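Working notes, beginning with the structure itself.
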Amino acid sequence: MFAGSTSTANPAIGTSVSPDQERYARCIAVSKRVRWDIDKDVIKGRAFDRADKFLPDGLSMVQDLDFLTTDEKRFISQVQGRTYANMFGLVERYINAKVLELGQNYSMTDQVALEALVRFSEEELKHQDLFRRIEAMAKETMPEGYFFIPKPNDVADVVLGKSTWAVLALTLHIELFTQSHYRQSIEPNEGLSPLFKDVFLYHWKEESQHAIIDELEWVRHDATIGTEARDKAVTEFIELVGAVDGILQMQAAADAAYAMHFMMMRGRRLAETEQRAVERVMLKAYRWQYILSGAQHPHFVKVLTGLTTDAQRARIGMAVATLM
């Protein structure tokens with residue numbers, strides 16, 4: 001049973017359930033209702049169009065590059081959108097491995113929580129398949145020369161080497177910024193690729209349940225550890241944020257070089273100061289997309305506040321502040 005549960009009935013055979021079990025049950029119900037198919041619901045026989053933007057300006061930050069043409073800004077939004085999809089495929093490798101591990105806690109006890117986690121795992125596998133498909137489709141449409149540097153298994157090995165507390169903190173952070181990006185920036189923008197918007201519409205539909213489960217598992221796990229272990233876990237979470245930033249620095253540099261090579265092939269040679277500006281904005285955008293927007297998400301801050309001391313949050317805040 002869950003830490004802090006007031007119920008003693010087995011949810012598989014009894015009638016009394018805890019509030020946590022009710023939340024798991026709602027996640028299952030929503031999972032069944034929103035279930036989708038990659039080909040039938042998302043791709044629907046379509047291809048990407050070079051005339052369409054992928055990411056909105058609020059995420060890509062191309063508005064800061066006022067020396068670029070409209071076509072060049074659109075291309076940078078496509079480069080960033082391609083990396084955006086690849087980043088989700090990357091992190092979902094470790095997330096799925098962790099979800100399978102967490103499910104073992106319920107294999108002989110809470111079958112409602114177990115089903116919620118099994119569905120979570122199945123959906124993450126589907127998302128990985130979706131993003132592999134999207135990368136293949138982007139490759140067909142965009143010029144040669146793009147490289148996505150981090151390897152899913154290598155990243156998963158590093159992340160899963162940290163404590164469960166730190167891994168769940170990072171995971172909730174990711175699931176929450178996924179939702180806010182879609183609702184606040186992607187969904188309301190009418191000028192984006194319809195296919196790209198649908199990818200993240202259907203991704204959002206299932207990630208909304210995943211964030212609830214992440215929170216339930218993080219809070220449950222937190223109740224099982226002591227002060228010293230939690231303080232160490234906070235350090236590990238900061239280390240994971242630093243590792244993410246290391247990935248972002250490499251990918252931002254690669255994506256900036258790819259975008260500028262495309263411009264050069266079209267006869268456009270940027271001045272040295274303009275080249276540095278493209279590199280700077282690319283990294284700024286990636287840090288916002290993958291770290292800062294999650295760290296500042298109100299619900300992440302709320303959950304983190306309930307699990308940590310002022311001193312621990314100050315340490316996290318200082319680490320994040322260096323990336324602004």
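The model shown is predicted, which means the values in this text are computed figures rather than measured ones. We number each residue from 1, following the sequence as shown. Atoms considered below: every heavy atom in the structure, side chains included; atoms not considered: hydrogens, waters and symmetry mates.
- Connection of Met324 to Leu59 is established within a shared hydrophobic cluster, with ILVMFWY side chains joined at heavy-atom distances below 4.5 Å, either directly or through further cluster members.
- Side chain to side chain, Gln179 and Gln184 fail the donor-acceptor criterion of an N or O pair below 3.5 Å.
- A donor-acceptor contact shorter than 3.5 Å links the side chain of Glu274 to the backbone of Ala271.
- A heavy-atom distance below 4.5 Å is found between the side chains of Asp198 and Lys44.
- Using modelled atom types, no side-chain atom of Lys197 and backbone atom of Leu192 make a donor-acceptor pair closer than 3.5 Å.
- Screening residues 147-169 for ring pair (Phe, Tyr, Trp, His ring centres under 6.0 Å) gives Trp165-Trp218 as the qualifying pairs, with residues at least two apart or on separate chains.
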Practice problem: Give the intermediate values and the outcome of side chain to side chain contact (heavy atoms under 4.5 Å, CB included) for residues Val244 and Val241. | Solution: CA-CA 5 Å; Val244 171; Val241 172; 5.6 Å; no
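- Contact annotation: the side chain of Ile95 never approaches that of His210 to less than 4.5 Å [non-hydrogen atoms, C-beta and beyond].
- Proximity of Pro56 to Ile186: side-chain heavy atoms (C-beta onward) are separated by under 4.5 Å at one or more points.
- Leu117 has its side chain within reach of Glu217: a pair of non-hydrogen atoms, C-beta onward, lies under 4.5 Å apart.
- Side-chain atoms of Glu279 and Met260, non-hydrogen and from C-beta on, do get closer than 4.5 Å to each other.
- For Arg132, the CZ atom sits in a packed shell: over 12 heavy atoms of surrounding residues, nucleotides or ligands are nearer than 6.0 Å.
- Side-chain contact check for Glu123 and Ser31: at least one donor-acceptor pair (N or O, by modelled atom type) lies under 3.5 Å.
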Practice problem: Evaluate the criterion ring-ring contact (aromatic ring centres under 6.0 Å, His included) for residue pair His127 and His203; output intermediate values, then yes/no. | Solution: CA-CA 7 Å; His127 297 175; His203 184 247; 4.9 Å; yes
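- Between the side chain of Arg50 and the backbone N or O of Thr141, at least one donor-acceptor pair lies under 3.5 Å.
- At a cut-off of 3.5 Å, with distance as the only test, no side-chain donor of Gln128 or Asn96 sits close to an acceptor on the other residue.
- When hydrophobic residues (I, L, V, M, F, W, Y) are linked wherever their side-chain heavy atoms come within less than 4.5 Å, Met265 remains an isolated member.
- For the salt bridge (Lys or Arg N to Asp or Glu O under 4.0 Å) condition, the pairs that include at least one residue of residues 56-65, sequence neighbours left out, are Lys53-Asp57, Asp64-Lys284.
- With hydrogens and angles disregarded, a donor-acceptor distance shorter than 3.5 Å links the side chain of Glu72 to the backbone of Thr69.
- For Ile38, the side-chain contact (heavy atoms from CB on, under 4.5 Å) test picks out Trp36, Ile43, Lys126, Asp129, Leu130, Arg133, with sequence neighbours left out.
- For Ile247, the side-chain contact (heavy atoms from CB on, under 4.5 Å) partners at least two apart in sequence or on another chain are Met87, Pro150, Val155.
- For CZ of Arg276, the number of neighbouring non-hydrogen atoms (other residues, nucleotides, ligands) closer than 6.0 Å is greater than 12.
- Annotation: side chain of Asp110 is not in contact with side chain of Leu114 (no heavy-atom distance under 4.5 Å).
- The two atoms that bring Val281 and Leu65 nearest to each other are CG2-CD2, 3.6 Å, heavy atoms only.
- Between Tyr290 and Leu248 the shortest heavy-atom distance is CD1-CD2, 3.4 Å.
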Quiz item: After noting the C-alpha distance and the side-chain angles of Met318 and Ile238, does the key distance pass the side chain to side chain contact (heavy atoms under 4.5 Å, CB included) rule?
Solution: CA-CA 10 Å; Met318 288 176 61; Ile238 293 170; over 6 Å; no
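- Under a 3.5 Å cut-off, the side chain of Tyr258 and the backbone N or O of Pro143 do form a donor-acceptor pair.
- Side-chain N/O atoms of Tyr286 and Asp245 include no donor and acceptor closer than 3.5 Å.
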Side chains of residues 225-233: which donor-acceptor pairs under 3.5 Å do they make with residues two or more places apart or in other chains?
{"from": "Arg230", "atom 1": "NE", "to": "Asp222", "atom 2": "OD1", "distance (Å)": "2.6"}
{"from": "Arg230", "atom 1": "NH2", "to": "Asp222", "atom 2": "O", "distance (Å)": "3.1"}
{"from": "Arg230", "atom 1": "NH2", "to": "Ile225", "atom 2": "O", "distance (Å)": "3.2"}
{"from": "Asp231", "atom 1": "OD1", "to": "Gln312", "atom 2": "NE2", "distance (Å)": "3.1"}
{"from": "Asp231", "atom 1": "OD1", "to": "Arg315", "atom 2": "NH1", "distance (Å)": "3.0"}

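- Side-chain atoms of Ser180 come within 3.5 Å of backbone atoms of Phe177 as a donor-acceptor pair (strictly under, hydrogens ignored).
- Ring orientation note: the planes of Phe237 and His173 are nearly perpendicular, at an angle over 60° on the 30°/60° scale.
- Residues Arg119 and Glu115 are paired through a salt bridge, judged by an N-O separation under 4.0 Å between the basic side chain and the carboxylate.
- Side chain of Glu236 to main chain of Ser163: a donor-acceptor pair is present (N/O by atom type, distance under 3.5 Å, no hydrogens or angles).
- Distance check, rounded to the nearest 0.5 Å: CZ of Arg74 to CG of Leu68 gives 12.5 Å.
- Residues Ile76 and Met263 have side chains in contact (heavy-atom distance under 4.5 Å, counting atoms from C-beta outward).
- Using a cut-off of 4.0 Å between Lys/Arg side-chain N and Asp/Glu carboxylate O, Arg23 and Asp20 are scored as not salt-bridged.
- Just one of Phe48, Tyr84, Phe200, Phe75 meets the ring pair (Phe, Tyr, Trp, His ring centres under 6.0 Å) condition when paired with Phe54; it is Phe48.
- Distance check: Phe120 CZ to Glu206 CD gives 10.5 Å after rounding to the nearest 0.5 Å.
- The backbone N or O of Ser107 lies less than 3.5 Å from a partner atom in the side chain of Gln111, making a donor-acceptor pair.
- Counting only residues at least two apart or on different chains, the salt bridge (Lys or Arg N to Asp or Glu O under 4.0 Å) pairs with a member in residues 75-95 are Arg82-Glu135.
- Taken together through direct or relayed side-chain contacts under 4.5 Å among Ile, Leu, Val, Met, Phe, Trp and Tyr, Val158 and Leu168 form parts of separate hydrophobic clusters.
- In the model, Thr83 has a side-chain atom that pairs as donor or acceptor with a side-chain atom of Asp255 under 3.5 Å.
- For the atom pair Ile28 CD1 and Arg33 CZ, the distance stands at 13.0 Å (nearest 0.5 Å).
- Listed by chain and residue number, Asp39, Lys40, Asp41 satisfy the side-chain contact (heavy atoms from CB on, under 4.5 Å) test with Asp37 (two or more places apart in sequence, or in another chain).
- Taking 4.5 Å as the limit, every side-chain heavy atom of Val199 sits out of range of all side-chain heavy atoms of Tyr202.
- Under a 3.5 Å cut-off, the side chain of Gln275 and the backbone N or O of Leu270 do form a donor-acceptor pair.
- Without hydrogens or angle criteria, Gln80 side chain to Ser60 main chain gives a donor-acceptor distance under 3.5 Å.
- Applying the under-4.5 Å side-chain rule to Ile, Leu, Val, Met, Phe, Trp and Tyr, the cluster around Leu100 consists of that residue alone.
- With sequence neighbours excluded, the residues satisfying side-chain contact (heavy atoms from CB on, under 4.5 Å) with Arg313 are Leu304, Thr305, Thr308, Asp310.
- Think of Ile149 as one node in a network of Ile, Leu, Val, Met, Phe, Trp and Tyr side chains linked at under 4.5 Å; its network also takes in Met250.
- Clustering of Ile, Leu, Val, Met, Phe, Trp and Tyr by side-chain heavy atoms under 4.5 Å joins Val34 with Val30.
- Residue Lys139 qualifies as open at atom NZ: its count of foreign heavy atoms under 6.0 Å is 12 or below.
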